[in-house]
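Contents: one structure, followed by commentary.
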There are 4 protein chains.
Amino acid sequence: MARGINKVILVGNLGNDPDTKYTQGGMAVTRISLATTSVRKDKDGNQQERTEWHRVVFFGKLGEIAGEYLRKGSQVYVEGSLRYDKYTGQDGVEKYSTDIIADEMQMLGGRGEGGGGGGGNYDRGSRPQRSGGGDAPQQRSAPPSRQSAPQQQRPAPMDDFSDDDIPF
Amino acid sequence: MARGINKVILVGNLGNDPDTKYTQGGMAVTRISLATTSVRKDKDGNQQERTEWHRVVFFGKLGEIAGEYLRKGSQVYVEGSLRYDKYTGQDGVEKYSTDIIADEMQMLGGRGEGGGGGGGNYDRGSRPQRSGGGDAPQQRSAPPSRQSAPQQQRPAPMDDFSDDDIPF
Amino acid sequence: MARGINKVILVGNLGNDPDTKYTQGGMAVTRISLATTSVRKDKDGNQQERTEWHRVVFFGKLGEIAGEYLRKGSQVYVEGSLRYDKYTGQDGVEKYSTDIIADEMQMLGGRGEGGGGGGGNYDRGSRPQRSGGGDAPQQRSAPPSRQSAPQQQRPAPMDDFSDDDIPF
Amino acid sequence: MARGINKVILVGNLGNDPDTKYTQGGMAVTRISLATTSVRKDKDGNQQERTEWHRVVFFGKLGEIAGEYLRKGSQVYVEGSLRYDKYTGQDGVEKYSTDIIADEMQMLGGRGEGGGGGGGNYDRGSRPQRSGGGDAPQQRSAPPSRQSAPQQQRPAPMDDFSDDDIPF
DNA sequence: TTTT
DNA sequence: TTTT
C-alpha cells in the first residue's frame with residue numbers, strides 16, 4: 001500500500017534517438033532525453049525561453065516500443081513518476097540523478113528525423129509489435145499480465161450491472 | 001492501440017457514503033459523489049463559490065476498497081478517465097450521464113463522519129483486504145495507521161541493469 | 001479559498017472546426033468536440049475500441065487562439081476542469097451538460113484537414129495574435145513555425161535569490 | 001509561446017518545516033521537502049517500499065502561504081513543473097539539482113506536528129492572509145494580477161453567451 | 001464528428 | 001450531498 005502521489009506528465013521532443021539496453025534477464029530499458037520549452041517575460045519585458053531536458057526511462061514492453069518507434073525529434077506524451085538516485089561515480093564522487101520512470105506513452109504527430117508520424121497509446125501492459133529478431137536478446141519468460149478485469153463496450157443503462165460494466 | 005489521453009484528477013470530499021453493488025459475476029461496482037469547490041472573484045469583486053459534484057465509479061478490487069474504506073465526508077484523491085453514456089430512461093426519454101471511471105485512489109486525511117484518517121494508495125492492481133467471503137458486509141477492521149514521513153534513500157549505480165531495476 | 005482539485009488532461013483530435021461566438025462584452029467563447037479513443041480486450045479476447053467525445057470550452061484570449069488555429073482533425077493537448085450544468089430545454093425538459101473548461105492548450109503536430117502543423121502552448125494569460133480589431137473575422141496569418149527540439153541549458157547557483165529566480 | 005508540457009502532481013508529507021527566504025526585492029521563496037512512498041512486490045514476492053524526497057519551491061505569494069501554513073508532517077497536494085539546475089559548488093565541483101516549481105497548492109487534512117488541519121487551494125494568483133508584520137520584509141509593489149476575465153456563477157442554458165459565461 |  |  002503506497003502513500004502519496006508522484007506523477008509527471010510531459011509533452012516534448014526527443015533530443016536524440018532512444019538508447020535501448022537489455023538486462024541479463026532480457027528486459028528492455030530504453031532511455032530518452034526529452035525537451036520541454038517554456039517562456040516568460042522577464043522584468044524588463046523581454047521574452048525569455050528556457051528548455052528543460054528530462055531523462056525518461058521506459059522498462060520492459062514499454063521500453064521495447066519506445067526503442068522501436070521513437071526517434072530524434074519525435075513528439076511524445078509521457079506519463080510517469082519521479083525517481084531520484086544517488087550513486088558514486090568512477091571518480092569516487094557522489095552524484096545524483098533524476099529520472100522520470102514512464103508508465104504510459106503516446107506518440108504524437110511528430111515529424112522529426114526518422115519521424116514516423118503515427119500515434120498510439122501504450123502503457124506497461126501493452127505488447128510490442130516487434131516482429132523480427134533484431135539485434136537484441138529478447139528471450140523473456142511469461143510477462144506478468146496487468147489487467148485485472150478484461151471486458152467489453154458498454155451501451156447501457158446505469159443502474160444494474162453486468163460483468164461487462166467495466167473500466168474500459 | 002489507443003489514440004489520445006483522457007485523464008481526470010480529483011481531490012474532493014464524498015457527499016454520501018459509497019454505494020456498492022455487485023455484478024452477477026461478483027465484481028464490485030462502487031459509486032461515489034465527490035465535491036470539488038472553486039472560488040473566483042466576480043466583476044463586482046465579490047467572492048463566488050461553485051461546487052461541482054462528480055460521479056466517480058470504481059470497479060473490481062478498487063470498488064471493494066472504495067466501498068470498504070470511504071465514507072461520507074472522506075477526502076480522497078482520484079485519478080481516472082471520463083466516460084459519457086447515453087441511455088433511454090424509463091420515461092422513454094434519452095438521457096446522458098458523465099462518469100469518472102477511477103483507476104487510482106488515495107485516501108487522504110479526511111475527518112468526515114466515519115472519517116477514518118488512514119491513507120493508502122490503491123490502483124486497479126491492488127488486492128483488497130476483504131476478509132469475509134460474503135457479497136457486501138461492511139465491518140471495517142483497523143484501518144492502516146498513519147506515518148507522517150517515513151523514508152530512507154536508495155543508493156544505486158545507474159549504468160548497468162539488473163532485473164531489479166524496475167519501474168517501482 | 002477553494003477546496004479540492006478538479007483537473008482534466010486530454011490529448012485528442014477535433015471532430016469539427018471550432019465554433020467561436022462572442023459575448024456582448026466581446027469575449028470569445030470557443031467550443032470544440034474532442035475525441036479520445038481507448039482500447040481493451042473483451043472477455044473473448046477481441047479488441048474493443050471506444051471513443052469519448054469531450055465538449056471543451058475556451059474563454060477569452062484562449063478562445064480566440066483556439067478559434068483561430070484549431071481545425072477539424074487537429075490534434076491538441078488540453079488542460080482544464082470539469083463543469084456540470086443543468087438547464088431547461090426549449091421543450092421544458094431538464095437537461096444536463098458536461099463541459100471541460102480549458103485553461104491551457106497545446107497544439108500538437110496534427111495533420112487533419114486544414115491541419116497546420118504548428119505548435120505552441122497557450123494558457124489563459126496568453127495574448128492572442130489577433131491583429132484586426134473586429135469581433136470575429138478569421139483570416140489566419142502565418143502560423144508559428146515548428147522547431148523540433150530547441151534548447152540550451154541554464155547554469156545557475158541555487159542558494160541565494162534574486163528577483164529573477166522565478167517560477168518560469 | 002511555449003512548446004511542450006512539463007507538469008508534476010504530488011501528494012505527500014513534509015519531512016520538515018518549510019524554509020522561507022526573501023529576495024532583495026521582497027519576494028518570498030519557500031522550500032519544502034516532500035515525501036511520496038510507493039510499494040511494489042519484488043521478484044521474490046516481498047513488499048518493497050521506496051520513498052522519494054521531492055524538493056518543492058514556492059515563489060511569491062504562494063511562497064508566503066506555504067511558509068505560513070505548512071508544517072513538518074503536513075499532507076499537501078502540489079502541482080508544478082520540473083526545473084533542472086547545474087551549478088558549481090564551493091568545492092569547485094559541478095553539481096546538479098532538480099526542483100519542482102510549484103504553481104498550485106492544496107493543503108490536505110494533515111495532522112502532523114503543528115498540524116493545522118485546514119484546507120484550501122491556492123495558486124500563484126492567490127493573496128496570502130498574512131496579517132501581522134512578522135519578521136520578513138514584505139514590501140512589495142503592485143503584484144501582477146493574473147486573472148484575465150473575472151466573473152460569476154453560471155446557472156444557464158448553453159447557446160447564447162453573456163460576459164458572465166466564464167471559466168470559474 | 002476526429003484520428004490510426 | 002461534502003468540505004472549510
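Because only heavy atoms are used, hydrogens play no part in the values below, and waters and symmetry mates are left out as well, while side chains stay in. To find a chain, count down the sequence lines: A is the first, B the second, and so on, and within it residues start at 1.
- Remark: ring of B/Trp53 stacked against base of F/dT1; centroid gap under 5.5 Å, plane tilt under 30°.
- Atom-to-atom, CD of C/Glu49 to C1' of E/dT2 comes out at 12 Å; the value is rounded to the nearest Å.
- In this structure, A/Ala102 and A/Leu62 approach most closely via the heavy-atom pair O-CD2, 3.9 Å.
- Between the P atom of E/dT3 and the CD atom of C/Gln75 lies a distance of 11 Å, rounded to the nearest Å.
- Put simply, CD1 on B/Ile32 is 14 Å from C1' on F/dT3, counting in whole angstrom units.
- Between C/Asp99 and C/Arg55, at least one side-chain nitrogen of the basic residue sits less than 4.0 Å from a carboxylate oxygen of the acidic one, meeting the salt-bridge criterion.
- Nucleotide F/dT1 holds its C1' atom 16 Å from the CZ atom of B/Arg50, rounded to whole Å.
- Rounding to whole angstrom units, CG of residue B/Asn13 and C1' of F/dT4 are separated by 9 Å.
- By the side-chain hydrogen bond (donor to acceptor under 3.5 Å, both in side chains) test, B/Glu52 pairs with B/Arg50, sequence neighbours left out.
- What separates CG of C/Leu14 from P of E/dT4 is a distance of 14 Å, to the nearest Å.
- Scanning atom types as modelled, one donor and one acceptor separated by under 3.5 angstrom connect the side chain of C/Ser33 and the base of E/dT1.
- Atom C1' of nucleotide F/dT1 and atom CG of B/Asp19 are separated by 14 Å, given to the nearest angstrom.
- Looking at the side chain of C/Arg3, the nearest of the listed nucleotides F/dT2, F/dT3, E/dT2 is F/dT3.
- Protein atom OH of A/Tyr69 is 12 Å distant from nucleotide atom C1' of E/dT4, rounded to whole Å.
- Taking the side chain to side chain contact (heavy atoms under 4.5 Å, CB included) definition, one finds that C/Ser33 meets it with C/Trp53, sequence neighbours left out.
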